[in-house]
Amino acid sequence: MSVEPVLGGTVKTTCPYCGTGCGVLATPRPDGTVAIAGDPDHPANFGRLCSKGAALGETLGLADRLVHPRIGGARASWDEALDLVARRFSETIAAHGPDSVAFYVSGQLLTEDYYIANKLMKGFIGSGNIDTNSRLCMSSSVAGHVRAFGADTVPGTYEDLEHADLVVLVGSNLAWCHPVLYQRIAAAKAARPDLRIVLIDPRRTATADLADLHLALAPDADAALFSGLLAFLDEAGVVNTDYVARHTEGFAAALDAARAWTLPRLARRTGLAADQILSFFRLFAVREKVVTVYSQGVNQSVCGTDKVNAILNCHLATGRIGREGMGPFSVTGQPNAMGGREVGGLANMLAAHLRLEDAAHRDLAQGFWQSPAIAAKPGLKAVDLFRAVGAGRIKALWIMGTNPVVSMPEADGVADALRRCPFVAVSDIMARTDTLDLAHVALPAAGWGEKDGTVTNSERRISRQRPFLARPGEARPDWWIIAEVARRMGFGEAFAYEGPADIFDEHARLSAAGNAGSRDFDLSGLVGLDPAGYESLAPVQWPVTQAGGRTRFFAEGGFFHPGGKARFVVPEGEQTSATGLISPSARGEIDRSERHLLLTVRLNSGRVRDHWHTMTRTGLSARLSGHIAEPYAEIHPEDAARAGLREAEIVRLRSPHGEVLLRCLMTDRVRPGEIFAPMHWNGPFASKARIDALVEARVDPVSGQPALKGSRVSIARYPAAWYGFAVLRERPATIPAAYHALARTEGGWRVELADADGLDPIELARALFDGAGDHDLSECRDRTGGTQGFAAFEGKRLRGALWLGAAPVAVSRLWASLQLASERHDALARWRLLAGRGGADRPDPGAIVCSCFKVGAKDIARAIAGGCDSVAAVGAATKAGTNCGSCRSEIKGIIDGQSLRQIA
Ligand SMILES: Nc1nc2c(c(=O)[nH]1)N[C@H]1C(S)=C(S)[C@@H](COP(=O)(O)OP(=O)(O)OC[C@H]3O[C@@H](n4cnc5c(=O)[nH]c(N)nc54)[C@H](O)[C@@H]3O)O[C@H]1N2
Ligand SMILES: Nc1nc2c(c(=O)[nH]1)N[C@H]1C(S)=C(S)[C@@H](COP(=O)(O)OP(=O)(O)OC[C@H]3O[C@@H](n4cnc5c(=O)[nH]c(N)nc54)[C@H](O)[C@@H]3O)O[C@H]1N2
Ligand code: SF4
Ligand SMILES: [Mo]
């Protein structure tokens, strides 16, 4: 099997982060670094990149990569590792049957990797037990699409966002999670100020800065809201009766159910004022060109599929679907979430949008693959899959391209299940992840820039990821690893691929097999691409048939249910969400002394602008770590007061499943009774901040997607006896503090610290500065502020500095980090450093807002005080927001006096 890429010059490829799927130009430089730019010709971004895309060059370092296979932690050869995986899977299947093994894969695999992983499990092992992290991400949207349309079809295209007169964003923080799509909408609004934007999110996110109307509704009230909207649209006379009659069924029942949502009842359920609700309903009624974008605030819920269908119902009723500027739009999260859906990576799907529950489809797939078996029933969905691992029913598991010990709900339980599992193989690119640490066999995969294949973005556009770097060590593409295991399990003939072009061709041929328009997913126009054609494949939206492409679906009906009609679905799983004081289960677990301080709240979770998921890659970049460098919880001031918490103290969150410690960020951006914490922090970067350790694995009954946005947790002040902050040239081997969080900076590391137990400051300093080295330790006690400073120098070069206090240390983080880069510390500089005070020559920039030019909140506040009153004026004065633009909404927020983070 050939796996050698040809390298050189500027390569057109695709960003490996979000589902926007931006085109990237990558140019390796002679010094080993890589220049990154947006591809002006790519139809997703037309040259734009967000902060994460722009910093891709900084995440390609090899220091932390997994470069050799490992067995039991020791280096092994590929032959040994692959033979062992194949043998353990074959033996387990022989002894306990095909359903005793499983794969857990990822929307970050390329389509070609994903296709053969699915083919191996469903066609050759003969079990449905392959599920993916997309279960945590898109499965409610998939289930909602299938219920309404008869297939998992995204009807629209990105241009619709620009043609619309109203964009409704539901449970989507587009400004941070799909920044280039957000910028496209912002540009459309700047050009056409009449474009209206409504945000529906319990939290006032960065995206709210673009919205004309923000409905901070009660969690999970979305299905009720859109049901109410359906009834309103009917009353307002804007139902498209012709479309409903010709292309749909079930309208009367849906309308009947929706009418139960009278305005007062709706106001009670959503917690919104009646006139706010009506403003939204009226906008939706009068503006025909409306796109409803939705994401994890909709999907990750016990009633996620119902929320999806409640939204789809409104678009079907008005016939606003598949026409320019109109339609529901589920934006995908991962770079290849859509590709995974094409290949059937979910346990309840087949491949090529064939249905697993349809015997004719199963025969078609088996005949096409010439396979010995075919999964006869759906496999286990992610949550059940890990439960089965924990219960010993799954005895061999292979995890590829995902980090479930951080990202799955009840994450500590997932870790326990892996510890108990007789055999766990993990394919990853990094040498250390919370999941890899528990693997029997570690398989080094090729990463972005080294891999070769295709991905499909939110608008069904297939783009090439092309290699531009040599693979490090013995890393191999995921497809090669899977094919080699398949060969060693005795399925060599069916997995004898020359390279990704070969696999793509098979994938295209399967999409065409017996199709003739009966299935939406159709690549028949791409069948027979030779390697050169595959190499030069330009971004293309599916379906691609001999007759050409197609941009939108369903304007003229043509749904995929028998009879060709769409179905209205009555949302039935309407949930109530109580918020209240101390839950009975938490009551028994807490100290008597703390009881009066404890209350329970609803934990919402999600993303920050500059980190990607479990931080294995973005955590490598100093630039990306500068935006938000520490795990935190947004807590309403009323709740903070009730818990006795002051700003920047440490908060302890507990649930029956686990515990975390986070920095308290007091803000009225969240509703009282609800807190928000990012999902990103992992074991290597923080002592106790894996948020999914707390989250309960309750799932949507239709899709099996866990409700990651709504867990009950108790919140209490962590009784820190001291707080600390340090900047260090080297990462310390151990950090003796119950609370700590590390982040990369330009010259080394920054570390936040706190502990409830007293400390010996000198001992701590020695641990952080790596014992007694060739350096001297200076100390300074600030008697007025109560802060104590320590620093270690090697000659005039700073090795590390540490500040300690009884209250959260108020030293400027960025200023302190910059001291690591300074070469000469004379006496005055040393004194300032120990005292934690910057000089007037370098004003404190505050927390970084613009990561491209390192402009902080205080810099921006100063520019505003100096007369800058628009994002453009701030940009002209400070350069902030003038490169990738991801921070423009935050700059606007500061101008509006609503900064997310304290400027202090
Ligand atoms: N920077 C960055 N971007 C990313 C990613 C990343 O890790 N980092 N990951 C990518 C992936 S895989 C995904 S899936 C997407 C996710 O993209 P988004 O879905 O936009 O991001 P989230 O922050 O998970 O959640 C969105 C919002 O849902 C809100 N929400 C919570 N409960 C409810 C509710 O009941 N109703 C409503 N209406 N809203 C609610 C939350 O307050 C949150 O602001 O982002 C992608 N882009
Ligand atoms: N509480 C809470 N939990 C959540 C969410 C939430 O909003 N709240 N969101 C959920 C969602 S939507 C998602 S998508 C998941 C994401 O969760 P995960 O998929 O677990 O997160 P990642 O950090 O992206 O994990 C990808 C892993 O693959 C490795 N990797 C990178 N490139 C390659 C490659 O080319 N090949 C291989 N083999 N490995 C590679 C990375 O180093 C990393 O370890 O988290 C889910 N969990
Ligand atoms: S919006 Fe940013 S993260 Fe998403 S694909 Fe584009 S550059 Fe990558
Ligand atoms: Mo996702």
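Whatever order the structure lists ligands and atoms in, that order sets their numbers, starting from 1. Bear in mind that the values here come from a model prediction, so they are computed numbers and not experimental data.
For ligand 3, the atoms lying closer than 4.0 Å to a non-hydrogen atom of Gly21 are 5 (S). Within ligand 2, counting atoms from 1 as listed, the ones closer than 4.0 Å to a heavy atom of Ser427 are 37 (C), 38 (N), 39 (N). The Tyr17 neighbourhood of ligand 3 comprises atoms 3 (S), with distances under 4.0 Å to a heavy atom of that residue. Counting atoms of ligand 2 from 1 in the listed order, those under 4.0 Å from a heavy atom of Trp612 are 24 (O). Ligand 3 places these atoms under 4.0 Å from at least one heavy atom of Cys15: 3 (S), 5 (S), 7 (S), 8 (Fe). Using a 4.0 Å cut-off to heavy atoms of Thr616, the atoms of ligand 2 that qualify are 41 (C), 42 (O), 43 (C), 44 (O). The atoms of ligand 2 that sit less than 4.0 Å from any heavy atom of Asp692 are 1 (N), 2 (C), 3 (N), 4 (C), 47 (N). Close contacts of ligand 2 with Gln334, meaning ligand atoms under 4.0 Å from a residue heavy atom, involve 14 (S). In the vicinity of Leu49, heavy-atom distances shorter than 4.0 Å reach the ligand 3 atoms 7 (S). Shown in contact with Gln108 at under 4.0 Å from a heavy atom are these atoms of ligand 2, numbered in order with element: 19 (O), 22 (P), 24 (O), 26 (C). Contact atoms of ligand 3 toward Lys52: 3 (S) (distance under 4.0 Å to a heavy atom of the residue). Each of the following atoms of ligand 3 lies closer than 4.0 Å to a heavy atom of Val180: 1 (S), 6 (Fe). Counting the atoms of ligand 3 from 1 in the order shown, those under 4.0 Å from a heavy atom of Cys18 are 1 (S), 3 (S), 4 (Fe), 5 (S). For ligand 2, the atoms lying closer than 4.0 Å to a non-hydrogen atom of Met430 are 42 (O). If you number the atoms of ligand 2 from 1 as listed, the ones under 4.0 Å from a heavy atom of Ala445 come out as 36 (N), 37 (C), 38 (N).
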**Request:** Please report the C-alpha distance between Glu342 and Thr456 in whole Å, then the side-chain angles of each, then the deciding distance to 0.1 Å, and finally whether the side-chain hydrogen bond (donor to acceptor under 3.5 Å, both in side chains) criterion is met.
**Result:** CA-CA 9 Å; Glu342 292 160 13; Thr456 310; 3.0 Å; yes

**Request:** Evaluate ring-ring contact (aromatic ring centres under 6.0 Å, His included) for Trp480 paired with Phe495, printing each intermediate quantity in order.
**Result:** CA-CA 9 Å; Trp480 181 89; Phe495 290 84; over 10 Å; no

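Close N/O approach between Gln296 and ligand 2 is not found [any backbone or side-chain N/O within under 3.5 Å]. At least one N or O atom of Ser605, backbone or side chain, sits closer than 3.5 Å to an N or O atom of ligand 2. Between Asn133 and ligand 2, a contact under 3.5 Å exists for at least one N or O pair. For the pair Trp448 and ligand 2, the shortest N or O to N or O distance does not fall below 3.5 Å. At a 3.5 angstrom cut-off on N or O pairs, Asp428 counts as close to ligand 2.
Ser711 and Glu696 form no side-chain donor-acceptor contact under 3.5 Å, judged by distance and modelled atom types alone. A side-chain donor-acceptor contact under 3.5 Å links His611 and Thr618. Residues Ser407 and Asp692 have side chains that never bring a donor and an acceptor to within less than 3.5 angstrom of each other.
Using a 4.0 Å cutoff on heavy atoms, Arg607 counts as a contact of ligand 2. Residue contacts with ligand 2 do not include Val406, since none of its heavy atoms lies under 4.0 Å from the ligand. Under a 4.0 Å heavy-atom criterion, Lys709 is in contact with ligand 2.
Using modelled atom types, one side-chain atom of Glu450 and one backbone atom of Gly447 make a donor-acceptor pair closer than 3.5 Å. For the pair Thr205 (side chain) and Thr207 (backbone), a donor-acceptor distance under 3.5 Å is present. The backbone N or O of Asn457 sits nowhere less than 3.5 Å from a side-chain atom of Thr332 that would complete a donor-acceptor pair. Looking at Ser703, its side chain never comes within 3.5 Å of a backbone N or O of Val142 through a donor-acceptor pair.
Contacts of Cys137 with ligand 2, taken as heavy-atom pairs under 4.0 Å, involve both backbone and side chain. Counting heavy atoms under 4.0 Å from ligand 2, residue Ala446 touches it through the backbone alone. With a 4.0 Å cut-off on non-hydrogen atoms, Asp478 touches ligand 2 through its side chain and not its backbone. Contacts with ligand 2 closer than 4.0 Å are made by heavy atoms of both the backbone and the side chain of Thr402. Looking at Thr614 against ligand 2, both its backbone and its side chain come within 4.0 Å, counting heavy atoms. Residue Cys22 touches ligand 3 through backbone and side chain together, judged by heavy-atom distances below 4.0 Å.
In this pair, Phe329 and Tyr158 present their aromatic rings parallel. The plane angle is below 30°, not in the 30 to 60° band. Below 30°, between 30° and 60°, or above 60°: for Trp612 and Tyr17 the angle between ring planes is between 30° and 60°, a tilted geometry. Taking the six-membered ring where the residue is Trp, Phe676 and Tyr632 present tilted rings, their angle falling between 30° and 60°.
With respect to atom 15 (C) of ligand 2, the closest heavy atom belonging to the protein is Ser407 CB, 4.1 Å. When only non-hydrogen protein atoms are considered, atom 35 (O) of ligand 2 lies nearest to Lys451 NZ, 2.8 Å. Cys50 SG, 2.3 Å is the protein heavy atom nearest to atom 2 (Fe) of ligand 3. Looking from atom 33 (C) of ligand 2 to the surrounding protein, the closest heavy atom is Ile429 CG2, 3.5 Å. Closest to atom 10 (C) of ligand 2, if we only count protein heavy atoms, is Gln300 NE2, 3.4 Å. Among protein heavy atoms, atom 26 (C) of ligand 2 sits closest to Gly401 O, 3.3 Å. The closest protein non-hydrogen atom to atom 21 (O) of ligand 2 is His613 CB, 3.3 Å.
Taking CZ from Arg135 and OG1 from Thr402, the interatomic distance works out to 13.5 Å, rounded to the nearest 0.5 Å. Here Ile635 contributes atom CD1 and Glu674 contributes atom CD; the two are 13.0 Å apart, rounded to the nearest 0.5 Å. Between atom OG of residue Ser605 and atom CG of residue Leu694 there is a gap of 9.5 Å, rounded to the nearest 0.5 Å. A distance of 8.0 Å separates CD1 of Ile628 from CG of Asp610, quoted to the nearest 0.5 Å. Rounded to the nearest 0.5 angstrom, Ile848 CD1 and Ser51 OG are separated by 12.5 Å. Within the model, atoms CD of Gln300 and CE of Met679 stand 8.0 Å from one another, a figure rounded to the nearest 0.5 Å.
Applying side-chain contact (heavy atoms from CB on, under 4.5 Å) to Phe468 and the options Thr10, Leu60, Thr27 leaves one that passes, Leu60. Among Arg623, Arg617, Lys52, Arg744, the one residue that satisfies the salt bridge (Lys or Arg N to Asp or Glu O under 4.0 Å) test with Glu58 is Arg623.
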